[in-house]
Protein chains: 2
Amino acid sequence: MYEKKIPLPLECGLAMTREILGGKWKPNLLFAISEGINRPSQLHRAIPQSTKRVLNLQLKELEEFEVIEKKIYHQLPPKVEYHLTERGETLMPLLRQMNEWGDKNRSFIKNIILNRTKVLD
Amino acid sequence: MYEKKIPLPLECGLAMTREILGGKWKPNLLFAISEGINRPSQLHRAIPQSTKRVLNLQLKELEEFEVIEKKIYHQLPPKVEYHLTERGETLMPLLRQMNEWGDKNRSFIKNIILNRTKVLD
DNA sequence: CGGCATCCGCCAAGATACTG
DNA sequence: CAGTATCTTGGCGGATGCCG
């Protein structure tokens with residue numbers, strides 16, 4: 001009766017990962033940083049759709065989870081650099097796969113999204 | 001007035017993938033379905049933290065992007081089954097990696113989250 | 001069993017402006 | 001150049017209930 005079972009196969013590894021990559025721009029930030037785009041202004045230029053504020057927030061969270069680290073050069077003008085940590089590096093294969101999958105399915109997905117908005121007009 | 005939110009960059013693979021896996025329970029749903037938990041009630045039992053409504057919504061989106069397909073048996077009581085499509089299958093390696101990464105880093109992440117809320121108390 | 005309608009709170013994320 | 005403060009909103013997702 002109380003053999004709950006239904007073997008929750010959804011061990012929360014997924015949830016954990018989601019906790020890290022959940023932010024809207026976090027994957028992009030990590031990807032960019034991994035490619036040597038590591039200064040705030042550069043990152044903002046690389047992701048102009050977002051704002052400094054939001055990027056800062058998400059960078060702070062990434063830092064909190066120690067997937068990136070922040071180097072502050074106390075000088076004028078200020079200079080800051082972000083770099084992947086060891087842990088962050090281990091995330092890269094995942095990000096690469098996400099990117100790949102998205103690339104392969106882009107046209108298909110795009111179509112669906114566009115048709116969706118078309119209907120709404 | 002508040003204009004529409006920023007349109008996501010359709011050229012970016014990461015954004016595309018995010019479009020599919022973005023929902024809170026989508027990865028879990030896909031994972032569960034891939035393991036043969038394919039009826040709505042089973043899925044709900046497997047993810048009791050969520051509600052029928054939300055799961056239905058997300059299943060509908062997954063269906064829209066053709067990563068799963070829905071089989072409806074017109075009978076009483078109604079019976080419905082979800083299955084991964086070809087495209088859905090291609091997502092599995094990604095999900096497995098997410099799950100793995102989360103597992104490996106669970107304790108670390110958990111700690112950070114717990115300490116965070118501790119401070120708030 | 002499966003699906004849908006309602007209602008609603010919360011907070012991520014966007015816009016803007018200002019400081020050092 | 002980097003960072004922060006304030007304000008705003010949309011919409012995701014949670015709670016309930018009814019229907020076939």
Side-chain angles (χ1 to χ4, degrees), chain A residues 6 14-15 18-29 32-33 37-65 68-83 113 116-117 120, chain B residues 1-9 14-15 18-29 32-33 37-65 68-83 113 116-117 120:
Chain A
I6 300 276
L14 287 178
R18 191 184 187 278
E19 199 64 25
I20 308 296
L21 299 179
K24 184 161 180 180
W25 305 105
K26 284 180 193 169
N28 300 269
L29 284 170
I33 291 174
I37 304 181
N38 32 31
R39 299 190 53 184
S41 53
Q42 291 178 324
L43 288 167
H44 188 210
R45 246 171 285 139
I47 315 179
Q49 299 94 349
S50 188
T51 61
K52 280 192 299 172
R53 195 188 84 95
V54 171
L55 292 183
N56 260 337
L57 281 175
Q58 309 215 343
L59 284 166
K60 202 167 289 183
E61 287 180 24
L62 290 173
E63 203 194 338
E64 187 186 8
F65 285 108
I68 62 174
E69 61 186 357
K70 184 180 191 172
K71 254 183 215 163
I72 303 178
Y73 297 83
H74 295 285
Q75 56 182 46
L76 281 186
K79 180 179 171 184
V80 167
E81 279 183 4
Y82 290 100
H83 295 277
I113 295 177
R116 188 164 58 185
T117 59
L120 294 179
Chain B
M1 300 294 286
Y2 193 76
E3 289 296 322
K4 13 172 94 171
K5 300 247 175 165
I6 289 175
L8 68 157
L14 287 177
R18 190 181 189 281
E19 198 63 24
I20 309 295
L21 300 179
K24 183 161 180 178
W25 305 103
K26 283 179 192 170
N28 300 269
L29 283 169
I33 292 174
I37 303 180
N38 31 32
R39 299 189 54 183
S41 51
Q42 290 179 324
L43 288 167
H44 187 209
R45 247 170 286 140
I47 315 179
Q49 301 93 349
S50 187
T51 60
K52 278 193 300 173
R53 194 189 84 95
V54 171
L55 292 182
N56 261 337
L57 282 176
Q58 309 215 343
L59 284 166
K60 201 167 290 182
E61 289 180 21
L62 290 173
E63 203 193 342
E64 187 187 10
F65 286 108
I68 62 175
E69 62 186 356
K70 183 179 191 171
K71 252 185 216 162
I72 303 179
Y73 298 84
H74 295 284
Q75 58 182 45
L76 281 186
K79 179 178 171 185
V80 167
E81 279 183 5
Y82 290 100
H83 294 278
I113 295 177
R116 188 164 58 184
T117 58
L120 294 178

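Worth saying up front: this structure is predicted, and the values here are computed from it rather than measured. Below, chain A is the first sequence line, B the second, and so on; all start at residue 1. When reading the values below, keep in mind they use all heavy atoms of this one structure, side chains included, and skip hydrogens, waters and symmetry mates.
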Spacing between A/Glu63 atom CD and D/dA2 atom P, to the nearest angstrom: 14 Å
For atom CD of A/Glu81 and atom C1' of D/dC1, their distance in whole Å: 13 Å
Atom pair distance, as rounded to whole Å: CG in B/Leu57 and C1' in D/dG13: 9 Å
Integer-rounded Å distance: C/dC1 C1' and B/Arg39 CZ: 7 Å
Rounded distance (Å) that lies between atom P of D/dG3 and atom CG of A/Leu59: 9 Å
CG on B/Leu21 to CG on B/Asn28, rounded to 0.5 Å: 10.5 Å
The single option from B/Glu64, B/Glu63, B/Glu61 passing salt bridge (Lys or Arg N to Asp or Glu O under 4.0 Å) against B/Lys26: B/Glu61
Exam field: side chain A/His44 to backbone A/Arg39, donor-acceptor pair closer than 3.5 Å: no
Between the first and last five pairs of the helix from C/dC1-D/dG20 to C/dG20-D/dC1, the angle of the axes, rounded to 10 degrees: 40°
Distance, rounded to the nearest Å, where A/Leu55 contributes CG and C/dA15 contributes P: 12 Å
Upstream residue (5' side of DNA chain C) when A/Glu61 and A/Pro78 are each assigned their closest nucleotide: A/Glu61
Check: A/Lys60 and A/Lys70 side chains under 4.5 Å, non-hydrogen atoms: no
Contact nearer the 5' end of DNA chain C, comparing B/Ser41 with A/Gln58: B/Ser41
Test side-chain contact (heavy atoms from CB on, under 4.5 Å) applied to A/Tyr82 and A/Leu62, step by step: CA-CA 10 Å; A/Tyr82 290 100; A/Leu62 290 173; over 6 Å; no
Distance (rounded to the nearest 0.5 Å) between B/Lys24 NZ and A/Leu14 CG: 13.5 Å
Taking only nitrogen or oxygen atoms into account, show me every contact under 3.5 Å that the protein makes with nucleotides 3-5 of chain C, one pair per line with its distance.
from	atom 1	to	atom 2	distance (Å)
C/dG3	OP1	B/Lys70	NZ	2.6
C/dG3	O6	B/Lys52	NZ	2.5
C/dC4	OP2	B/Lys60	NZ	3.0

For atom NE2 of B/His44 and atom P of C/dG2, their distance in whole Å: 11 Å
Minimum heavy-atom distance A/Ala32-A/Leu43, with the two atoms named: CB-CD2, 3.6 Å
From CA spacing to verdict: side-chain contact (heavy atoms from CB on, under 4.5 Å), B/Thr51, B/Trp25: CA-CA 10 Å; B/Thr51 60; B/Trp25 305 103; over 6 Å; no
Between C/dG2 (P) and B/Asn38 (CG): distance, integer Å: 11 Å
C/dG14 phosphate, OP1 or OP2, under 4.0 Å from A/Ser50 side-chain N/O: yes
A/Ile33 vs A/Leu59, side-chain contact (heavy atoms from CB on, under 4.5 Å): CA-CA, chis, key distance, verdict: CA-CA 10 Å; A/Ile33 291 174; A/Leu59 284 166; 4.0 Å; yes
